[in-house]
Amino acid sequence: MFFSDEYFMKIAYQEALQAYELDEVPVGAVVVLNDQIIGKGHNLTQTLTDVTAHAEMLAITAASNHLTAKYLQDCTLYVTLEPCIMCAGAIALAQVGKLVYGAHDPKRGYTLLGENILHPKTEVVTGIMEEECKELLIRFFNQKRDS
């Protein structure tokens, strides 16, 4: 059975909601191989007191552990927000085959570098559930400003 990018982005979005409930920046990620989720995560930087505990990093680690391999060439990473430079570096080093993200990050996204730092064979798809992903982030930061 073939699942769409939107199907897996909805699962990444559920991960983002878990982060939101923990008062973490609401970003979620899942790694998929052959239509099966092999890794997932949501931001836990506050919970773990670890600036590297981004959703992508946790999902990549879980997927690598699942496969007992460091390369994820045949995998797709779905993430609700454009990866930061740190996460893009990890995506490149893991040689993720495809990256799909929802909302662009005009302040901290990896595309701010003006060049592609991902592995040259990594396919990139953007804008899947963009409005929902962006709206969740806006709601989160508006609540922070109001409190």
Side-chain angles (χ1 to χ4, degrees), residues 1-22 24-48 50-142:
M1 179 173 211
F2 175 75
F3 294 100
S4 68
D5 286 341
E6 187 166 339
Y7 173 84
F8 288 112
M9 185 61 78
K10 285 179 181 177
I11 297 169
Y13 185 82
Q14 292 302 313
E15 287 290 320
L17 290 174
Q18 289 182 51
Y20 184 89
E21 292 301 317
L22 293 171
E24 297 273 0
V25 175
V27 177
V30 295
V31 177
V32 175
L33 175 64
N34 299 325
D35 279 345
Q36 179 184 358
I37 295 172
I38 61 168
K40 60 184 178 176
H42 51 272
N43 276 359
L44 289 173
T45 60
Q46 300 297 327
T47 302
L48 298 177
D50 179 357
V51 296
T52 67
H54 288 198
E56 302 95 320
M57 302 294 275
L58 299 172
I60 288 169
T61 298
S64 294
N65 288 338
H66 176 84
L67 295 175
T68 62
K70 63 181 181 176
Y71 297 122
L72 305 174
Q73 303 103 315
D74 297 325
C75 297
T76 301
L77 171 64
Y78 294 87
V79 62
T80 56
L81 180 65
E82 176 185 347
C84 70
I85 295 165
M86 173 187 70
C87 292
I91 293 164
L93 292 172
Q95 298 180 16
V96 171
K98 181 178 175 183
L99 167 65
V100 179
Y101 66 86
H104 290 276
D105 186 348
K107 293 184 180 179
R108 292 202 168 99
Y110 79 94
T111 57
L112 287 173
L113 288 179
E115 60 184 273
N116 192 350
I117 65 170
L118 301 177
H119 190 275
K121 291 184 179 177
T122 300
E123 176 188 350
V124 179
V125 175
T126 66
I128 304 295
M129 290 183 59
E130 182 173 9
E131 285 306 310
E132 297 95 318
C133 296
K134 188 165 71 172
E135 190 60 40
L136 182 60
L137 288 157
I138 289 169
R139 187 174 8 140
F140 176 80
F141 286 111
N142 282 344

Response to the item:
Looking only at heavy atoms, the pair that brings Gly41 and Ala59 closest together is N-CB, 4.0 Å
Item to complete: Determine whether Glu130 and His104 make a side-chain contact, defined as any pair of heavy atoms from C-beta on separated by less than 4.5 Å.
Response: yes
Discussion item. Restricting to ring pair (Phe, Tyr, Trp, His ring centres under 6.0 Å), what partner residues turn up for Phe141, sequence neighbours left out?
Written reply: none
Fill in: Donor-acceptor pair, side chain of Glu82 and main chain of Thr111, under 3.5 angstrom
yes
Worksheet item: Distance from Ile91 atom CD1 to Cys75 atom SG, nearest 0.5 Å?
Response: 12.5 Å
Worksheet entry | ring pair (Phe, Tyr, Trp, His ring centres under 6.0 Å) partners for Phe8, two or more places apart | Phe3, Tyr78
Worksheet item: In Å and rounded to the nearest 0.5 Å, what is the CG to CD1 distance from Leu72 to Ile38?
Response: 6.0 Å
Practice prompt. Can you spot which of Val30, Thr122, Val96, Val32 makes a side chain to side chain contact (heavy atoms under 4.5 Å, CB included) with Leu77?
Written response: Val96
Discussion item. Rounded to the nearest 0.5 Å, what separates atom OH in Tyr110 from atom CD in Glu56?
Written reply: 11.0 Å
Discussion item. Quick check: do Cys133 and Tyr13 have side-chain heavy atoms less than 4.5 Å from each other?
Written reply: yes
Worksheet entry | Distance, nearest 0.5 Å, that separates NZ of Lys40 from CD of Gln14 | 10.0 Å
Practice prompt. Please identify each residue that fulfils side chain to side chain contact (heavy atoms under 4.5 Å, CB included) with Glu123, with sequence neighbours left out.
Written response: Lys98, Val125
Fill in: Heavy atoms from other residues, nucleotides or ligands near CZ of Arg139 exceed 12 (cutoff 6.0 Å)
yes
Worksheet entry | Residue pair Met57 / Met86, side-chain heavy-atom distance below 4.5 Å | yes
Discussion item. Are the side chains of Leu136 and Thr80 in contact, using a 4.5 Å heavy-atom criterion?
Written reply: no
Discussion item. Within the structure provided, determine whether Leu44 and Asp50 are in side-chain contact (heavy-atom separation under 4.5 Å).
Written reply: no
Worksheet item: How about Val79 and Cys87: do any of their side-chain heavy atoms sit closer than 4.5 Å?
Response: no
Discussion item. Contact between Leu58 and His42 at the side-chain level, heavy atoms closer than 4.5 Å - yes or no?
Written reply: no
Worksheet item: Can you name the closest pair of heavy atoms from Gly39 and Ala62 and give their distance?
Response: CA-CB, 3.8 Å
Practice prompt. Under the side-chain contact (heavy atoms from CB on, under 4.5 Å) rule, what do Leu137 and Lys134 come out as? Steps first, then yes or no, please.
Written response: CA-CA 5 Å; Leu137 288 157; Lys134 188 165 71 172; 5.6 Å; no
Worksheet item: Does the side chain of Glu24 pick up a donor-acceptor pair with the side chain of Thr47 at under 3.5 Å?
Response: yes
Practice prompt. Calculate, to the nearest 0.5 Å, the distance between atoms CZ and CG belonging to Phe140 and Asn43 respectively.
Written response: 9.0 Å
Practice prompt. Check the pair Gln73, Lys121 against side-chain contact (heavy atoms from CB on, under 4.5 Å), reporting the backbone distance first and the verdict last.
Written response: CA-CA 9 Å; Gln73 303 103 315; Lys121 291 184 179 177; over 6 Å; no
Worksheet item: What is the minimum heavy-atom distance between Pro26 and Ala19, and which atoms define it?
Response: CA-CB, 3.9 Å
Fill in: 4.5 Å side-chain heavy-atom contact, His54 and Val27
no
Worksheet item: Could you give the distance from NZ (Lys70) to CD1 (Ile60), rounded to the nearest 0.5 Å?
Response: 14.0 Å
